[in-house]
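Read through the structure below, which is laid out as structure tokens, and then see the notes.
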Amino acid sequence: MPTRRELLLSGATVGAAVALSSRVASAGETAETTARVAAQPLGLPDEHYRPVIVPSGATVPFRISAGAKVFHLVAKEFEHSFAPGLSALCWGYNGQVNGPVIEAVEGDIVRIYVTNELPAPTTVHWHGFILPNGMDGVSGLTQEPIPPGETWVYEFELVQNGTYMFHSHHDTMTQEGLGLTGMFIIHPRDAVDPPVDRDFALMLHEWRIDAGARRPNPNEMSDFNVLTMNGRVFPYLEPLVVRTGQRVRIRIGNLSAMDHHPMHLHGYEFHETAVDGQRIPTDQQRKRVTTLVGVGETRDIEFDAIYPGDWAFHCHMTHHVMNQMGHAFPNMIGFDAKGFDERVRSVIPGYMTMGAKGMKDMTDGHMAIPDNSIPMAKARGGFESPIGLGGMAGVIKVRDGLSDDALARGEDPGWYDHPPGTSAKRASDDQLERDGIDAT
Amino acid sequence: MNRTATATVCMLGAALAACATPPPAERRAAVRDEAQARLGIEVSLDPSARTDAIETILADGVLTADEAVRLAIANNSQLQALLENLDIARAEVWQASLLPNPVMDAEVQFIESDGGDLLELGLTQSIIDVLLIPRRKSVASARYQQVEAEVTAAILDLATEVRDAYRTLQAQLELVELYRTATDATYYGYDAARRLREAGNIIELDVLTEQALHQETRTALVSALARAGEQRENMNALLGIWDATGSRWTVPPRLPMPTDLTIAPEDVETSVIAASLDLAAMHSRVVALGRSVDLREIEATFPVLSAGITAEREADETWSGGPLVSFSLPIFDYGQAAGEEARSRFEQAYAEYTALAIRLRRSARAAFIMSSTTSENSRYLRDVIVPLRSRITQQTQMQFNAMQIGVFQVLDARRREIDAARSSVESLRDHWIARNRLESLLLGRLPQARFGISTTANEAAMAGSGDPSSGGH
């Protein structure tokens with residue numbers, strides 16, 4: 001990332017820029033575009049916008065050159081870690097799943113180089129953008145696909161603002177399915193009211209990775225078993241840390257293959273402030289606790305973080321908050337294993353009945369399971385028991401008195417310490433008697 | 001006359017002395033030595049040592065394959081009966097060496113006219129029989145050699161049949177254990193289904209399906225147990241045990257892995273031909289028949305050729321006497337038909353001899369191929385397939401632990417692992433039966449199962465020892 005001074009210097013040259021030619025070598029072809037001069041200065045972080053926070057992710061660095069913000073995306077295969085104990089060979093941009101977030105400001109001219117280090121051709125589609133047709137990135141429809149080994153360039157002016165996305169549009173099922181997706185935030189030239197203090201970006205995705213396999217199966221159509229936000233399953237997504245009283249925005253994009261996700265926030269009512277990049281007028285914003293993010297859609301939600309605590313934020317589809325749930329597992333609830341296990345062990349040493357009380361049996365985690373698999377979250381929060389949540393979930397940690405520095409460093413404040421009398425406990429006999437509860 | 005009588009008595013005495021009957025153990029020594037040399041183990045054909053053999057061999061309760069062979073040879077009743085053939089043939093040689101008894105005839109004629117009588121005395125000895133003694137002895141000796149070879153062959157057959165039965169029983173005991181484990185596995189599947197049904201989670205159809213699988217596997221176990229019992233009885237039959245002694249022995253319930261042949265593959269055929277008792281017996285038969293061609297012609301030409309003396313007392317009390325010769329005149333039957341028959345029998349035997357040699361070569365090749373392919377196959381099953389199935393079970397269990405699949409799949413994987421182990425045991429059993437057949441051929445015998453009870457062990461032995469093309473498994 002260039003320093004602020006460098007950016008300012010670069011920006012200063014933009015005013016004097018005239019029409020320039022940009023040549024990009026590519027397998028005997030030359031793409032030639034004419035650099036345009038932006039009508040306004042190119043938007044700079046902290047000066048023209050407050051950068052988004054990408055839990056467990058990053059934003060794409062840029063430089064300013066020839067009147068445009070220049071970004072470079074490298075599409076390639078690499079090993080991505082979904083959680084400790086589960087990694088897989090994914091396709092992504094700049095070594096990240098989901099791809100790093102591109103940030104710019106309405107009115108900027110962006111020039112985005114795309115290097116294809118994949119074994120297959122690819123393109124990048126700028127999802128929701130108003131741009132020249134030839135920049136739309138649909139393989140065979142609006143451009144030739146980018147062959148492996150070549151670097152192509154997209155350039156267009158950002159005429160909108162809001163939360164957008166980008167993804168491969170060549171063999172989309174395979175390439176999106178393997179992770180070639182990312183978010184593209186276009187900040188408004190003029191800050192919205194009320195301004196937000198903490199602006200988070202989360203990309204939703206779903207995968208099929210058989211327990212013990214090392215590559216997601218992009219051919220899967222319905223039985224996804226790894227559900228992620230920013231390429232991580234819960235509880236391995238970095239927490240969304242907020243100081244009590246701050247205004248929070250969460251931008252959610254969904255490029256799952258086949259599923260919409262009803263995203264539910266605990267402990268708060270939030271306003272749905274934007275849909276697909278379109279800011280909803282304040283008087284039309286609805287108060288909600290769950291917002292459905294369809295495939296290919298984005299949502300912005302905002303709220304004032306006035307209630308301290310560790311608040312879960314997750315897809316409300318129950319199978320989407322499991323890690324590598326085996327849907328071929330029979331319904332074992334209520335199975336009476338008395339006298340069963342020890343006898344079975346005579347033919348299958350080490351056998352133990354699983355799932356008789358539910359799928360959380362797995363969290364004990366003392367059984368031998370396939371390498372590279374996380375059938376159930378084993379992580380602990382502030383309690384003895386493991387966290388009973390996985391998959392497409394995160395936690396918003398609202399705390400009093402967090403310093404700006406601590407927030408800037410992205411420090412995790414740890415698990416919430418509940419004030420006395422504010423957490424659920426076993427009922428005392430006195431309480432039971434007082435309230436006439438017969439629990440004998 | 002005195003000289004003749006004396007000579008006759010001397011000859012009789014000599015023949016008696018030559019053929020004095022030794023004790024059975026000694027009489028059978030040649031066959032025993034031959035069998036020992038071929039089998040490479042000590043055997044006893046002494047009927048008086050049968051009880052000792054049982055007690056010695058069964059002392060520790062665990063029977064080795066060699067011990068089983070020794071016990072069977074010492075104690076098998078059918079073999080004991082066959083051994084009597086040796087004594088019968090020996091007696092026939094003796095018979096062939098005996099002079100035919102002379103014929104005495106006397107004739108009295110009463111003369112009516114003078115009240116006197118005539119007395120005529122004759123003593124004749126068949127000359128043709130005397131002349132033919134060496135030839136008949138030769139034929140009987142050849143016949144005796146044939147019987148010796150046949151008895152030795154029977155011992156080798158018994159040994160092979162015991163070895164087959166032994167390996168088959170070993171295999172069956174191992175198979176029973178595998179069927180038992182498989183039955184347990186399917187029972188637990190059925191039990192799991194019942195419990196899930198009780199919990200309300202699955203439909204009746206699922207329970208019935210698991211139950212059917214279990215019952216079918218259980219039936220296979222019962223059949224395997226029955227076969228093991230039958231094969232044990234077969235072993236007892238071969239061992240000549242019919243009383244409570246039959247429950248005093250066990251065999252180790254694991255088949256050994258194949259061992260290398262001590263003979264180079266290219267030498268197998270010639271070794272089999274060289275060692276073949278059947279071929280040697282057939283050779284003796286051809287020789288005996290060859291010798292009998294002349295004999296049959298002579299016998300047919302001169303069915304009667306006798307010489308003797310005759311004495312006559314006339315009425316006047318005077319004696320007259322002289323030599324007597326009588327013979328049939330070879331006018332109509334001069335042995336042409338008998339000779340033709342004998343020659344044809346000889347030719348037939350020779351053709352059979354050639355056919356046997358060819359059959360032996362083919363059997364040697366087939367047994368070698370079966371032995372080596374089943375050896376390779378059983379090693380592959382043991383070293384590759386069974387460990388692979390075992391790893392599949394482990395991985396299936398890990399998938400179960402990760403709650404990706406259910407208990408039924410784990411049990412099913414285990415069952416397939418057991419199936420693989422069963423194939424491995426069956427392949428090893430087939431190998432040992434083929435190997436036994438090859439060893440038997442190398443010891444000199446194309447084996448025939450004829451001592452045991454009719455059992456599946458025999459069927460397995462027959463199926464396992466057939467030509468590779470015949471399949472049967």
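Below, read A as the first sequence line, B as the second, and so on, with proteins coming before strands; counting in each chain starts at 1.
- Within the 3.5 Å criterion, the main-chain N or O of A:F329 finds no donor-acceptor partner in the side chain of B:Q404.
- Other residues, nucleotides and ligands place no more than 12 heavy atoms under 6.0 Å from the CZ atom of B:R416.
- Contact detail for A:K338 and B:R195: the closest heavy-atom pair is O-NH1, 2.8 Å.
- Of all heavy-atom pairs spanning A:F335 and B:A192, the tightest one is CE1-O, 3.4 Å.
- Although no hydrogens or angles enter the test, the distance criterion places a donor-acceptor pair under 3.5 Å between the side chain of B:N201 and the main chain of A:N331.
- Open room surrounds CD on B:E376; 12 or fewer heavy atoms of other groups in view lie less than 6.0 Å from it.
- Residue A:M325 touches chain B through its backbone alone, counting heavy-atom pairs closer than 4.5 Å.
- In terms of non-hydrogen atom pairs under 4.5 Å with chain A, the most contact-rich of B:I202, B:I418, B:L411, B:T393 is B:L411.
- From B:R194, atom CZ reaches atom CG of A:D336 across 11.5 Å, with rounding to the nearest 0.5 Å.
- In this structure a side-chain-to-backbone donor-acceptor pair under 3.5 Å is missing from A:Q324 to B:A402.
- The environment of A:H264 atom NE2 is dense: over 12 non-hydrogen atoms of other residues, nucleotides or ligands sit within 6.0 angstrom.
- Using cut-offs of 30° and 60° for the angle between ring planes, the B:F400 and A:Y351 rings count as parallel.
- Closest of all the heavy-atom pairs between B:R414 and A:V347 is NE-O, 2.6 Å.
- The heavy-atom pair separating B:N401 from A:A368 by the smallest distance is ND2-O, 2.7 Å.
- Contact record, B:A199 with A:G334: CB-O, 3.4 Å, taken as the closest heavy-atom pair.
- By the neighbour-count criterion of 12 heavy atoms within 6.0 Å, atom CZ of B:R391 is sparsely surrounded, having that number or fewer from other residues, nucleotides or ligands.
- One distance of note links CD1 of B:I405 with CE of A:M354; it measures 11.5 Å at 0.5 Å rounding.
- Atom-to-atom distance recorded for A:R343:CZ and B:D191:CG is 6.0 Å, nearest 0.5 angstrom.
- Atom CG of A:D371 is separated from atom CE of B:M398 by 6.0 Å, given to the nearest 0.5 angstrom.
- To the nearest 0.5 Å, atom CD1 of residue A:I333 and atom CG of residue B:L196 are 10.5 Å apart.
- Atom-to-atom distance recorded for B:M403:CE and A:M367:CE is 9.5 Å, nearest 0.5 angstrom.
- The 12-atom threshold is exceeded at CZ of B:R248, counting heavy atoms of other residues, nucleotides or ligands nearer than 6.0 Å.
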Would you sort out whether B:V410 and A:I348 count as a side-chain contact (heavy atoms from CB on, under 4.5 Å), showing the intermediate values?
-> CA-CA 8 Å; B:V410 182; A:I348 301 174; 3.5 Å; yes

